[in-house]
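All heavy atoms count here, side chains included; hydrogens, waters and symmetry mates do not. Note that the structure is a prediction, hence the values are computed from the model and not measured. Quick note: residue numbers are just sequence positions, from 1.
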Amino acid sequence: PENLKLRYGRRTVKIRSRHDGEIVETVIALDEPNAADRIKEAISRDELLTIHTEEATLEDIFIHFAGRGLDE
């Protein structure tokens with residue numbers, strides 16, 4: 001499962017921060033050449049609220065190959 005997720009999924013980091021009183025959500029693809037710099041910038045400029053990595057689920061991989069979910 002891990003290899004399928006890494007091969008076919010989109011690996012991202014989702015950062016939520018507060019900027020000028022408003023909550024801002026930034027999503028950064030880890031495969032971008034400058035991903036580390038963008039993450040550092042996002043967590044240092046505002047009040048950091050949450051930071052999470054996201055990866056594909058096995059359901060996402062199934063839909064990628066089958067073209068639809070099981071409930072459709």
Side-chain angles (χ1 to χ4, degrees):
E2 182 71 17
N3 289 336
L4 288 171
K5 290 177 185 181
L6 291 174
R7 183 171 180 184
Y8 296 105
R10 183 168 182 241
R11 301 174 317 122
T12 61
V13 172
K14 185 182 287 187
I15 300 167
R16 292 181 68 222
S17 58
R18 188 179 324 274
H19 180 75
D20 293 333
E22 296 199 22
I23 295 177
V24 177
E25 187 172 277
T26 304
V27 178
I28 301 169
L30 294 175
D31 298 324
E32 292 179 13
N34 61 344
D37 293 332
R38 290 193 59 212
I39 292 169
K40 287 178 193 175
E41 179 185 323
I43 64 175
S44 65
R45 71 172 176 239
D46 299 316
E47 177 189 349
L48 180 64
L49 300 174
T50 62
I51 182 169
H52 298 280
T53 57
E54 296 184 329
E55 61 183 30
T57 65
L58 290 177
E59 181 179 10
D60 295 333
I61 304 303
F62 178 84
I63 291 170
H64 172 79
F65 285 106
R68 63 180 183 85
L70 291 175
D71 57 349
E72 295 176 10

>> Which residues pass the side-chain hydrogen bond (donor to acceptor under 3.5 Å, both in side chains) test with Ser17, not counting sequence neighbours?
In response: none

Got a second to check how far [X]'s [atom1] is from [Y]'s [atom2], nearest 0.5 Å?
| X | Y | atom1 | atom2 | answer |
| --- | --- | --- | --- | --- |
| Arg7 | His64 | CZ | NE2 | 9.0 Å |
| Lys14 | Ile51 | NZ | CD1 | 12.5 Å |
| Thr12 | His52 | OG1 | NE2 | 11.5 Å |
| Leu49 | His19 | CG | NE2 | 13.0 Å |
| Leu30 | Ile39 | CG | CD1 | 5.5 Å |

> Does CD in Glu22 sit with more than 12 non-hydrogen atoms of other residues, nucleotides or ligands closer than 6.0 Å?
Replying inline: no

> If you group Ile, Leu, Val, Met, Phe, Trp and Tyr by side-chain heavy-atom gaps below 4.5 Å, do Ile43 and Val13 land in one group?
Replying inline: yes

>> Could you tell me if the side chain of Thr26 sits less than 4.5 Å from the side chain of Arg38, heavy atoms only?
In response: yes

>> Just to verify, what does Asp31 make a salt bridge (charged side-chain N to carboxylate O under 4.0 Å, His left out) with, not counting sequence neighbours?
In response: Arg11

[X] to [Y] - nearest heavy-atom pair and separation:
| X | Y | value |
| --- | --- | --- |
| Ala56 | Ile61 | CB-CD1, 3.9 Å |
| Ala35 | Ala29 | CB-O, 3.5 Å |
| Arg16 | Ile23 | NH2-CG2, 3.5 Å |
| Ile15 | Ala42 | CD1-CB, 3.7 Å |

